[in-house]
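Data block below; observations after.
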Protein chains: 2
Amino acid sequence: MKTVKILICDDHTMVSQALAGFLEQQNFIKSVYICTTAAETIKKYETEFYDIAILDVNMEEMSGIVLAGILSTKYENIKIIMLSMRSDLLTVKESIKAGANGYLLKNADLSEVKNAISRVIDGKSYFSKQISQALLDDQLNLNSDKEEVFITPREREILLLIVKEYHTKQISETLNISENTVETHRKNIMKKTNTKTSVGLVRYAIERSLF
Amino acid sequence: MKTVKILICDDHTMVSQALAGFLEQQNFIKSVYICTTAAETIKKYETEFYDIAILDVNMEEMSGIVLAGILSTKYENIKIIMLSMRSDLLTVKESIKAGANGYLLKNADLSEVKNAISRVIDGKSYFSKQISQALLDDQLNLNSDKEEVFITPREREILLLIVKEYHTKQISETLNISENTVETHRKNIMKKTNTKTSVGLVRYAIERSLF
DNA sequence: AAAAATCTACCTGAAAACCGTTACAAAAAT
DNA sequence: ATTTTTGTAACGGTTTTCAGGTAGATTTTT
């Protein structure tokens with residue numbers, strides 16, 4: 001009963017090829033097609049329909065979430081499973097809004113892909129354990145008072161100069177403000193980002209690709 | 001002629017499992033063992049030797065490059081292939097310094113893994129096309145002033161703790177050495193890496209995927 | 001066995017970062 | 001129009017880092 005047709009879109013060819021190899025061994029899967037870009041995926045769907053699209057969230061040219069939005073509005077019967085390295089809730093929520101039926105973490109077990117496919121084919125949804133737990137906590141408002149941290153524009157300027165190895169004095173000269181002001185900003189940023197040293201600030205900035 | 005034993009270390013279980021599935025189909029590969037952390041890998045090697053270690057560069061708890069350094073100094077006959085999403089030269093060079101015999105990009109074709117394994121088993125090296133080209137360009141470039149910097153094992157330990165926001169005192173306690181010694185190491189690292197602040201050290205480490 | 005590299009440790013002094021707090025003007029949001 | 005946020009600035013004091021040495025013990029390499 002090889003009935004299901006699957007398309008995988010991930011710019012990490014190596015990963016999608018290996019994944020395809022695994023899926024092709026499953027007896028309920030008819031075929032697996034591999035794309036490396038969103039554009040390629042969109043084009044492919046215009047000539048051929050695939051029951052399930054497995055989309056990587058983090059792709060170079062276009063986010064998998066945007067792609068999911070495009071596909072889900074265009075093809076009613078499509079089922080979409082997102083694939084991601086990170087488990088931040090915001091991304092998950094956006095994926096759901098974009099029409100995703102499932103969300104898998106790359107650090108989950110390979111068998112989850114199989115399970116997810118079975119589930120979404122049956123019209124259900126599938127989320128990696130970590131994700132479903134987080135979604136639940138969020139709905140029950142157990143989501144610890146994690147107020148969103150917003151760095152102000154000026155603070156960001158100063159943060160970027162700190163990351164550039166500028167000292168307080170150099171920053172004050174660059175921005176034509178007092179050294180005291182720079183220190184105040186630094187302290188405020190540290191409070192907001194919950195860091196205690198400049199090293200922490202650098203990590204914060206880099207992890208969020210603020211520079 | 002199933003002779004080669006392979007170990008894969010990647011915190012993306014899904015990827016390593018799929019990759020393992022592919023490799024197990026190859027007739028020259030005897031077995032494939034999967035690890036999800038650097039610690040697990042180090043422990044496994046203490047009880048069993050694997051001819052080839054395929055290591056992901058960007059892992060949560062410890063950089064694959066640091067792991068490569070540990071393994072290559074401990075096991076003379078080991079061959080190491082790095083796996084990475086990014087192709088920046090600094091990271092590649094750092095991998096080579098750490099003892100890697102190959103460097104594969106995740107957006108390369110799956111067959112490259114097979115080729116890379118054959119090559120490193122024969123005592124040769126293998127780099128994805130994009131990488132080898134960049135390395136070549138770099139070598140032809142008149143980058144005479146850029147002598148390669150070699151951080152010692154101890155210095156690397158200290159560097160990683162600095163990046164973890166540890167203060168001198170905490171580092172000295174962690175490693176059971178004097179604060180003075182830690183400062184000496186820090187100064188030496190700064191001289192070698194041509195940086196003037198801890199922030200610079202963090203950038204140095206991050207740019208080379210050392211953490 | 002000798003030479004080189006690495007790891008260890010100490011010293012002094014200067015510079016920079018960190019901590020807690022207050023305060024006011026300008027700009028934005030309600 | 002008024003409350004809130006943002007940007008500015010200051011004070012005093014503590015801790016940590018940075019700079020430039022010297023130097024002996026232990027590994028590793030040659």
Side-chain angles (χ1 to χ4, degrees), chain A residues 145-206 210, chain B residues 66 69-78 94 97-99 147-206 210-211:
Chain A
D145 45 354
K146 273 186 190 170
E147 350 100 37
E148 291 295 313
V149 173
F150 280 112
I151 298 287
T152 69
R154 197 53 157 176
E155 284 169 351
R156 172 168 301 163
E157 273 188 279
I158 278 143
L159 177 56
L160 293 185
L161 292 175
I162 290 173
V163 175
K164 274 191 184 171
E165 280 191 80
Y166 279 43
H167 289 162
T168 299
K169 194 177 178 183
Q170 299 174 289
I171 296 173
S172 76
E173 284 163 1
T174 306
L175 301 178
N176 282 312
I177 53 178
S178 148
E179 289 186 48
N180 292 317
T181 306
V182 176
E183 296 229 316
T184 302
H185 280 306
R186 193 222 305 282
K187 275 178 282 190
N188 289 337
I189 301 169
M190 281 180 173
K191 194 171 278 177
K192 285 185 181 179
T193 60
N194 200 31
T195 53
K196 289 163 297 296
T197 64
S198 297
V199 169
L201 289 180
V202 179
R203 294 188 51 156
Y204 177 89
I206 289 176
L210 292 181
Chain B
V66 176
I70 292 169
L71 293 177
S72 69
T73 50
K74 217 166 176 180
Y75 308 100
E76 274 187 45
N77 298 320
I78 197 177
E94 205 63 39
K97 274 193 266 176
E147 341 113 37
E148 286 301 309
V149 173
F150 278 96
I151 298 286
T152 69
R154 196 54 156 177
E155 285 169 352
R156 193 178 53 202
E157 273 188 279
I158 278 143
L159 175 57
L160 293 182
L161 291 175
I162 290 173
V163 175
K164 274 192 183 170
E165 278 190 80
Y166 279 44
H167 288 163
T168 299
K169 194 177 179 182
Q170 299 173 289
I171 296 174
S172 76
E173 284 163 0
T174 306
L175 301 178
N176 281 312
I177 53 178
S178 148
E179 289 187 47
N180 291 317
T181 305
V182 176
E183 296 227 316
T184 301
H185 280 307
R186 192 220 308 279
K187 276 180 282 188
N188 290 336
I189 301 168
M190 281 180 171
K191 193 170 280 177
K192 283 185 180 180
T193 60
N194 200 30
T195 53
K196 287 164 295 298
T197 64
S198 296
V199 169
L201 288 181
V202 179
R203 294 188 52 151
Y204 179 89
I206 288 176
L210 289 181
F211 97 118

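Numbers restart at 1 for each chain; the letters A, B, ... are given by sequence-line order, proteins then strands. None of the values given here were measured: they were computed from a predicted structure.
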Using 0.5 Å steps for rounding, measure from the [atom1] atom of [X] to the [atom2] atom of [Y].
X: B:Met190; Y: B:Leu159; atom1: CE; atom2: CG; value: 10.0 Å
X: A:Ile171; Y: A:Leu161; atom1: CD1; atom2: CG; value: 5.0 Å
X: A:Ile206; Y: B:Ile206; atom1: CD1; atom2: CD1; value: 3.0 Å
X: A:Ile158; Y: A:Ile177; atom1: CD1; atom2: CD1; value: 4.5 Å
X: B:Leu201; Y: B:Leu210; atom1: CG; atom2: CG; value: 11.0 Å

_End axis versus end axis in the helix from C:dA1-D:dT30 to C:dA29-D:dT2, the angle rounded to 10°, five pairs used at each terminus_ = 70°
_Heavy-atom side-chain contact between B:Ile189 and B:Tyr204 under 4.5 Å_ = no
*Check whether any side-chain heavy atom of B:Leu175 lies under 4.5 Å from a side-chain heavy atom of B:Val182, and answer yes or no.*
no
Could you tell me how far apart [X] ([atom1]) and [N] ([atom2]) are, to the nearest whole angstrom?
X: A:Asn176; N: D:dG7; atom1: CG; atom2: P; value: 16 Å
X: B:Leu175; N: C:dT8; atom1: CG; atom2: P; value: 8 Å
X: A:Glu179; N: D:dT8; atom1: CD; atom2: P; value: 15 Å
X: A:Ile189; N: C:dC18; atom1: CD1; atom2: P; value: 11 Å
X: A:Ile162; N: C:dA17; atom1: CD1; atom2: P; value: 8 Å
X: B:Glu165; N: C:dA17; atom1: CD; atom2: C1'; value: 13 Å

Pairs under 3.5 Å (N/O, protein and nucleotides 4-7 of chain C):
| residue | atom | partner | partner atom | Å |
| --- | --- | --- | --- | --- |
| C:dC7 | OP1 | B:Arg154 | N | 3.1 |
| C:dC7 | OP2 | B:Thr152 | OG1 | 2.3 |

*asked:* How close do A:Asn180 and A:Ser178 get, counting heavy atoms only, and between which atoms?
replied: N-OG, 2.8 Å
*Which atom names give the shortest non-hydrogen contact between B:Ala98 and B:Ser72, and what distance separates them?*
O-OG, 2.7 Å
*Sugar-phosphate or base contact per nucleotide [nucleotides 11-30 of chain D; S, B, -; heavy atom under 4.0 Å]*: -----SBBBBB---------
_Residue list, side-chain hydrogen bond (donor to acceptor under 3.5 Å, both in side chains) with B:Thr193, at least two apart or on another chain_ = B:Thr195
*Any side-chain hydrogen bond (donor to acceptor under 3.5 Å, both in side chains) involving residues 155-175 of chain B? Give me the pairs, sequence neighbours left out, ordered by first then second residue.*
A:Thr197-B:Glu165, B:Thr152-B:Glu155, B:Arg154-B:Glu157, B:Glu155-B:Lys192, B:Thr168-B:Arg186
Could I get a table of every N or O pair under 3.5 Å where one atom is in the protein and the other is in nucleotides 24-30 of chain C?
none

